[in-house]
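Input: a single structure, listed below in structure tokens.
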2 protein chains.
Amino acid sequence: MTRARAAVLSALEASAEPLSASRVVGKLEGVCDQATVYRALHYLEEARLAESFVLYCSQHGVERYYASSKAAHRHWFHCESCHRFVDLGACRLGGLIADVEKEMGLRVSRHTLYLSGICADCAAHADCSAHAVKAAP
Amino acid sequence: MTRARAAVLSALEASAEPLSASRVVGKLEGVCDQATVYRALHYLEEARLAESFVLYCSQHGVERYYASSKAAHRHWFHCESCHRFVDLGACRLGGLIADVEKEMGLRVSRHTLYLSGICADCAAHADCSAHAVKAAP
DNA sequence: GGTATATTTGCAAATGATTCGCAAATTGCC
DNA sequence: GGCAATTTGCGAATCATTTGCAAATATACC
Ligand SMILES: [Mn+2]
Ligand SMILES: [Mn+2]
Ligand SMILES: [Zn+2]
Ligand SMILES: [Zn+2]
């Protein structure tokens with residue numbers, strides 16, 4: 001584990017939600033180059049130390065998000081108002097995937113699931129846009 | 001429904017599997033411009049006549065795939081050897097999504113799920129690469 | 001430790017999918 | 001048919017991501 005890779009991994013581990021590559025690049029400004037960040041993310045995913053998924057959101061377009069594999073494999077909800085992620089907890093797709101493998105003779109090695117919509121906070125605020133401004137990402 | 005939009009929609013309807021924007025552009029060569037194809041795909045998705053998901057595959061990178069909404073909402077398996085899609089049939093996530101909405105107070109308006117791995121055909125052929133050459137996408 | 005070899009990094013430029021500006025063409029409506 | 005509103009084509013611009021290559025660092029071996 002090189003210095004750069006360790007830095008990228010701790011950036012992921014320090015975050016409560018998945019990070020886009022460009023946000024990792026931002027957090028590691030001055031620590032390592034953006035090409036190195038991208039290469040490190042690929043390395044970490046290959047090494048099963050991180051996981052990624054590609055999300056489309058009308059405000060951010062297509063971006064790939066990365067999360068440390070420290071915790072159990074899980075999925076996320078993306079709020080299309082405040083653009084934060086909500087942790088949905090450990091993956092509940094095991095049964096469904098096993099069914100599909102048996103029914104169709106597939107060998108499933110990876111899966112991607114995410115939900116999107118409006119989070120509880122945003123739903124609670126009539127004026128969601130004002131809230132969105134204050135909020136993170 | 002303009003001529004260009006209709007052309008894009010029938011390209012999607014004529015396909016047994018989701019198409020990347022660039023493949024739609026290819027099929028409509030001479031019929032309409034690529035910017036028009038992209039705009040039409042956005043329009044169709046907005047109008048709920050088509051659905052899209054963004055998939056990452058090491059060979060094709062990140063691409064957004066589109067399918068007509070003619071049939072019921074469904075999900076796909078992507079074979080990382082032959083790069084074809086396998087139709088997994090109607091969506092089975094209704095219960096899981098309803099649970100999550102209740103548990104976490106979310107309002108889920110869209111969801112993306114896809115599986116990837118090795119399809120039955122590719123698994124059956126010891127020499128998967130020869131098969132992959134003959135196959136589609 | 002010291003040296004040779006393999007891997008990783010920084011930098012700057014390239015890539016590739018997607019988007020945009022704007023004038024011309026098409027559409028929906030009276 | 002005539003007109004305002006919308007859509008299209010074209011080319012250039014964007015943006016995330018990748019790549020080539022020389023310098024720096026890590027690893028293997030003595
Ligand atoms: Mn977002
Ligand atoms: Mn593929
Ligand atoms: Zn929110
Ligand atoms: Zn296959």
Side-chain angles (χ1 to χ4, degrees), chain A residues 1-12 15 17-47 49-67 78 80 83 85 112 114 137, chain B residues 1-12 15 17-67 78 83 85 112 114 137:
Chain A
M1 175 78 44
T2 68
R3 177 169 324 197
R5 289 168 178 173
V8 170
L9 184 54
S10 28
L12 297 182
S15 174
E17 60 183 318
L19 297 176
S20 65
S22 59
R23 289 199 61 206
V24 177
V25 170
K27 284 176 187 292
L28 297 184
E29 192 105 56
V31 177
C32 60
D33 186 72
Q34 78 169 7
T36 303
V37 170
Y38 278 96
R39 287 188 277 228
L41 289 168
H42 295 165
Y43 166 83
L44 292 170
E45 186 162 29
E46 186 71 27
L49 295 168
E51 303 182 357
S52 78
F53 59 92
V54 187
L55 176 143
Y56 173 80
C57 131
S58 54
Q59 199 148 135
H60 296 93
V62 172
E63 269 189 314
R64 197 165 166 190
Y65 290 83
Y66 295 83
H78 181 70
E80 298 189 320
H83 298 276
F85 285 92
T112 295
Y114 61 81
Chain B
M1 173 80 44
T2 68
R3 178 168 324 195
R5 289 167 178 176
V8 171
L9 183 55
S10 28
L12 296 182
S15 174
E17 59 183 320
L19 296 176
S20 65
S22 59
R23 290 199 59 206
V24 176
V25 170
K27 284 177 187 291
L28 297 184
E29 191 105 56
V31 176
C32 61
D33 186 73
Q34 78 169 7
T36 304
V37 169
Y38 278 96
R39 287 189 277 229
L41 288 169
H42 295 164
Y43 167 83
L44 292 170
E45 185 161 29
E46 187 70 27
R48 306 270 168 190
L49 295 167
E51 302 182 357
S52 78
F53 59 91
V54 187
L55 176 142
Y56 173 79
C57 130
S58 54
Q59 199 148 137
H60 295 93
V62 172
E63 268 188 313
R64 197 167 167 190
Y65 289 83
Y66 294 83
H78 181 71
H83 298 275
F85 285 92
T112 294
Y114 62 80

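All values derive from a computational prediction rather than experimental measurement. Below, read A as the first sequence line, B as the second, and so on, with proteins coming before strands; counting in each chain starts at 1.
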From CG of B/Leu28 over to C1' of D/dT7, roughly how many Å is that when rounded to an integer?
16 Å
How would you label the contact of B/Ala35 with the nucleic acid (heavy atoms, under 4.0 Å): base, sugar-phosphate, or nothing?
base
B/Leu41 has an atom CG; how far is it from atom P of C/dA17, in whole Å?
14 Å
Of the nucleotides D/dT17, D/dT7, D/dC10, which has the atom closest to the B/Arg5 side chain?
D/dT7
Would a distance-only check, ignoring hydrogens and angles, find a side-chain to backbone donor-acceptor pair under 3.5 Å from B/Glu63 to B/Ser20?
no
Could you report the tightest heavy-atom contact between A/Ala11 and A/Leu19, atom names first, then the distance?
O-CD1, 3.7 Å
Whole-Å distance, A/His60 NE2 to C/dT18 P, equals 18 Å
Is there side-chain contact between A/Val62 and A/Tyr56, with at least one heavy-atom pair below 4.5 Å?
yes
Do the side-chain N or O atoms of A/Ser22 get closer than 4.0 angstrom to the phosphate oxygens (OP1, OP2) of D/dT17?
no
Which nucleotide wins on minimum distance to the side chain of A/Cys32, given the candidates D/dT17, C/dG10, C/dT18?
C/dG10
If you assign each of B/Val62 and B/Val31 to its closest nucleotide in DNA chain D, which residue comes earlier from the 5' end?
B/Val31
Between A/Gln34 and A/Tyr43, which residue's closest nucleotide on DNA chain C lies nearer the 5′ terminus?
A/Tyr43
Using a strict 4.0 Å threshold on nitrogen-to-oxygen distance, state whether B/Arg64 and B/Glu45 make a salt bridge.
yes
Between OH of B/Tyr65 and P of C/dA17 the distance, given in whole Å, is 10 Å
Side-chain contact check for A/Arg39: nearest option of C/dG10, C/dT19, C/dC20 is C/dG10
Whole-Å distance between C/dA17 C1' and B/Tyr66 OH?
10 Å
If the cut-off is 4.0 Å, is A/Thr2 near the phosphate of D/dA26, judged by side-chain N/O to OP1 or OP2?
no
note: B/Arg3, atom CZ; D/dG9, atom C1'; distance rounded to Å ~ 14 Å
Please state how far atom CD in A/Glu63 lies from atom C1' in C/dA17, giving the value in whole angstrom units.
14 Å
Should the ring pair B/Phe53 and B/Tyr114 be called parallel, tilted or perpendicular, given that the plane angle runs from 0 to 90° and is split at 30 and 60?
tilted
In whole Å, what is the span from the CZ atom of A/Arg64 to the C1' atom of D/dT18?
12 Å
By nearest atom, which of the nucleotides C/dT19, C/dC11, D/dA26 is closest to the B/Tyr38 side chain?
C/dT19
Using the side-chain heavy atoms of A/His42, tell me which of these nucleotides is nearest: D/dG9, C/dG10, D/dT18.
D/dT18
Under 4.0 Å, heavy atoms only, any strand: does B/Ala21 hit a base, just the sugar-phosphate, or nothing?
sugar-phosphate
Nearest to the side chain of A/Asp33, heavy atoms from C-beta on, is which of D/dC10, C/dC11, D/dT7?
C/dC11
